[in-house]
Number of protein chains: 2
Amino acid sequence: MNRKPPTMADIAKSLGVSPMTVSRAFKRDSAVSQETREAILLAAEELGYVFDSTAANLRSQKTDFVAVTIPSINNANFAETVRQLADGLSRAGLQILLGYTNYDIHEEERLIEQLLRRKPQAIVITGGQHTERARKLLSNASIPVVETWELPEKPIGHVVGFSNTQAIREMVDHFVETGYRRIAFMGGDAANDTRGAERRAGFVAAMREHGLDATRLISSGAPPIGMREGAKAMSELLERFPDTQAAICVSDLSAFGALTECQRRNVRVPEDMALGGFGNYDIGAICVPPLTTINAFAGDIGARTAELISDVLDGKFPQGAMQTISFNPVLIARESSR
Amino acid sequence: MNRKPPTMADIAKSLGVSPMTVSRAFKRDSAVSQETREAILLAAEELGYVFDSTAANLRSQKTDFVAVTIPSINNANFAETVRQLADGLSRAGLQILLGYTNYDIHEEERLIEQLLRRKPQAIVITGGQHTERARKLLSNASIPVVETWELPEKPIGHVVGFSNTQAIREMVDHFVETGYRRIAFMGGDAANDTRGAERRAGFVAAMREHGLDATRLISSGAPPIGMREGAKAMSELLERFPDTQAAICVSDLSAFGALTECQRRNVRVPEDMALGGFGNYDIGAICVPPLTTINAFAGDIGARTAELISDVLDGKFPQGAMQTISFNPVLIARESSR
DNA sequence: ATGTCTCATGTTATCGTTATCACAAGCACT
DNA sequence: AGTGCTTGTGATAACGATAACATGAGACAT
């Protein structure tokens with residue numbers, strides 16, 4: 001009764017055709033007569049046959065996997081990138097193999113090694129900072145590599161990202177133009193989150209260019225920096241630098257947390273404290289007052305990465321021609337910085 | 001120069017051992033002398049060898065994959081379940097293969113079929129409503145099946161979930177006890193989101209038991225129901241049923257959206273309008289006022305599912321003994337319903 | 001010295017599909 | 001009638017690892 005699952009050979013036998021014909025019937029455009037194909041698919045359904053990718057993967061040396069690493073799944077921005085990436089790739093018949101690094105490049109190295117064993121057709125990684133060994137693993141893998149969410153100085157392969165430094169610069173310019181002078185930055189530790197670190201560096205550089213004090217820096221420890229951390233940072237900011245006029249936060253989530261802290265303390269936003277976020281999250285658009293933020297095009301990064309990978313795998317670019325797709329972050333001024 | 005990647009056979013040749021010994025060196029606890037293993041791993045690193053799972057999968061008939069379907073990745077609750085699930089499974093050497101159904105059971109069927117081709121060791125699906133063919137595919141797969149986030153009447157295999165109906169009942173009881181009578185429910189369409197539909201049904205049943213009017217129902221269309229939908233629903237509620245005292249929302253996200261709409265309209269929460277959410281999201285704990293909600297243990301569902309799968313695969317339960325792990329949703333009363 | 005056991009390693013065959021080559025039949029066109 | 005082309009199908013071997021069994025060397029007890 002409980003015999004082992006049917007294979008293509010079983011279907012072939014039951015219909016008196018060769019296994020090869022059965023195999024072809026499961027491929028889209030291969031040469032099988034309409035009649036034969038239908039008979040095969042019908043027999044397959046009746047026998048409860050399930051196509052075995054593991055065998056196909058080995059023989060054809062193709063897995064239709066694309067490996068993807070993100071720092072955390074619990075982040076609306078990365079989730080949006082992954083969603084669009086998954087959608088785009090599925091149109092090309094590719095499936096995502098996802099892993100989290102927890103904002104740790106050593107974890108990332110382990111993850112990359114593990115993912116490469118599955119023989120993906122391409123790999124997408126978030127960020128541009130990696131261990132030396134990770135870089136080597138990626139280079140040796142001889143599959144397309146795409147770094148996202150940053151513009152690394154020494155890219156490993158393709159890049160789909162934007163300049164975090166530039167983005168914050170625009171934010172600082174906006175605040176200064178609007179009339180704010182005593183401006184703080186609230187983010188996480190530099191060590192683990194390169195995007196956060198770049199944003200902080202961008203803040204410091206831009207403030208200096210304006211001849212302003214760039215020492216109002218609040219750090220909330222290791223990422224992820226969420227709403228709670230934002231609230232706590234605002235609390236700290238109000239104690240340490242009570243005359244601060246505006247706070248730029250490393251993300252909309254922490255900016256929202258900061259906003260709630262202001263509400264609890266009856267600090268008016270933006271009159272007493274202006275706020276800026278990052279990432280154009282839903283929450284920033286809907287909260288009261290809505291948050292000034294930077295649209296970093298999280299979704300578009302995913303969509304363009306999917307396109308890029310499809311094109312590269314289709315051989316649309318000459319071998320070794322690495323593409324760099326760069327987005328220009330766009331400031332969205334809202335009431336939190338009037 | 002650009003010859004093909006090394007295999008175990010290449011390593012074996014370079015060291016004068018058999019491929020079998022190389023294979024064993026890559027397994028944890030198999031019998032290889034310390035000396036030989038080190039030599040093999042060193043040679044592997046030098047040759048740039050990458051273990052090929054596709055071959056191992058085929059020969060050993062094991063993939064160490066666990067397939068997981070969720071309605072959407074852009075949902076903090078499901079994301080948390082997946083995170084804990086991934087963490088727990090990785091401890092057992094298992095990797096997640098994730099797919100989204102977009103709240104559509106036909107999409108789910110397609111997804112399940114696609115995932116089963118990868119020969120996962122187990123499959124976790126969100127919800128208890130599936131197409132007939134999906135049920136058949138799952139039953140035939142002869143791997144552990146876990147349905148989560150609900151308590152299906154006719155489970156396919158194991159279950160890790162809670163009663164959405166019961167959860168909302170607790171919320172209604174709380175509101176009634178606190179003194180509210182004219183209570184509304186705001187959620188999505190019944191068709192696509194079984195959990196949302198159950199919550200609505202639970203609301204109607206509980207209200208009737210209290211002898212209260214259960215017709216204040218606002219529907220926001222197809223899921224996902226996010227903050228925007230919540231704000232719009234509150235807008236509609238205030239127009240259609242202006243004397244409503246309290247609104248129970250299908251999730252914290254929509255409850256927060258509703259809260260912002262109240263803020264924009266200077267409707268005081270909870271004095272003019274009390275609010276209840278669902279899911280115990282971060283945002284409900286930190287917003288002002290914080291939201292009364294239901295802790296549905298999203299993370300725990302993932303963690304317990306991971307344990308369950310490990311145990312089942314380890315043969316800790318007799319063959320065919322299906323487990324049901326049921327959480328009791330817990331009401332968290334906060335200021336939004338004082 | 002003989003038997004028994006453990007440990008480290010080798011040999012052989014195989015997992016289920018598909019790349020590749022081969023070929024027959026049908027058709028169009030010279 | 002012959003040539004070339006397309007279409008549908010089959011035979012064979014191979015992808016790269018490992019399950020299953022076999023073997024040889026040494027340790028130890030009898």
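Numbers restart at 1 for each chain; the letters A, B, ... are given by sequence-line order, proteins then strands. Everything numeric in this text was worked out from a predicted model, so none of it was measured.
Rounded to an integer number of Å, the gap from A/I40 CD1 to D/dT9 P is 8 Å. To the nearest angstrom, P of D/dG8 lies 10 Å from CZ of A/R37. Atom CG in B/N57 sits roughly 10 Å away from atom P in D/dT18 (whole-Å rounding). For the pair B/L47 CG and D/dG16 C1', the computed distance is 16 Å after rounding to whole Å. Rounded to an integer number of Å, the gap from CG of B/L58 to C1' of D/dC15 is 9 Å. Across the protein-nucleic acid pair, A/M20 atom CE and D/dG8 atom C1' stand 12 Å apart, rounded to whole Å. Residue A/K27 contributes atom NZ, which lies 20 Å from atom P of D/dT7 at whole-angstrom precision. The interatomic distance linking A/D64 (CG) with C/dT18 (P) rounds to 11 Å, in whole Å.
Taking side-chain N and O atoms only, B/T54 has no distance below 4.0 Å to OP1 or OP2 of D/dA17. B/T36 has no side-chain polar atom (N or O) that falls below the 4.0 Å cut-off from OP1 or OP2 of C/dA8. OP1 or OP2 of C/dT14 has not a single side-chain nitrogen or oxygen of B/Q61 nearer than 4.0 Å. Residue A/Y49 has a polar side-chain atom (N or O) positioned under 4.0 Å from OP1 or OP2 of C/dT17.
Residues B/E147 and B/H158 have side chains that never bring a donor and an acceptor to within less than 3.5 angstrom of each other. Side-chain contact annotation: B/Q84 with B/D300, donor-acceptor N/O pair under 3.5 Å absent. Side-chain N/O atoms of B/Q95 and B/S90 include no donor and acceptor closer than 3.5 Å.
Summarising the geometry, atom CG belonging to B/L116 is positioned 5.0 Å from atom CD1 belonging to B/I123; distances are rounded to the nearest 0.5 Å.
The side chain of B/S33 lies closest to C/dT9, out of D/dT9, D/dG10, C/dT9. Out of D/dA17, D/dT18, D/dC15, the shortest distance to the side chain of B/D52 is found at D/dA17. Of the candidates C/dT9, C/dT17, D/dT18, the closest approach to any side-chain atom of B/V32 belongs to C/dT9.
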Protein N or O to nucleotides 21-23 of chain D N or O, pairs below 3.5 Å:
none

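When heavy atoms are screened at a 4.0 angstrom cut-off, B/S18 is found touching base atoms of the nucleic acid. At the heavy-atom level, A/S53 lies nowhere under 4.0 Å from the strands shown. Among the heavy atoms of the strands lying under 4.0 Å from B/M8 are primed sugar atoms or P, OP1, OP2 only; no base atom is included. B/F26 comes within 4.0 angstrom of no nucleic acid atom, judged by non-hydrogen atoms across all strands. Contacts of A/V17 with the nucleic acid, taken as non-hydrogen atoms under 4.0 Å apart, involve only primed sugar atoms and P, OP1 or OP2. Within 4.0 Å (heavy atoms only), B/A56 reaches sugar-phosphate atoms of the nucleic acid but no base atom.
Screening residues 115-129 of chain A for salt bridge (Lys or Arg N to Asp or Glu O under 4.0 Å) gives no qualifying pairs among residues at least two apart or on separate chains. Residue pairs that meet the salt bridge (Lys or Arg N to Asp or Glu O under 4.0 Å) test with at least one member in residues 120-140 of chain A, sequence neighbours left out, are A/E109-A/R133, A/E113-A/R133, A/R133-B/E45.
Residue B/T21 is the one, among A/S60 and B/T21, whose nearest nucleotide of DNA chain C lies closer to the 5' end (criterion: closest heavy atom).
Between B/W149 and the options B/T194, B/N77, B/T81, B/T126, a side chain to side chain donor-acceptor pair (under 3.5 Å) holds for only B/T81.
Side-chain N/O atoms of A/R59 and base N/O atoms of C/dT17 include no donor-acceptor pair closer than 3.5 Å.
Panel note: side chain B/N140, backbone B/L137; no donor-acceptor pair is recorded below 3.5 Å.
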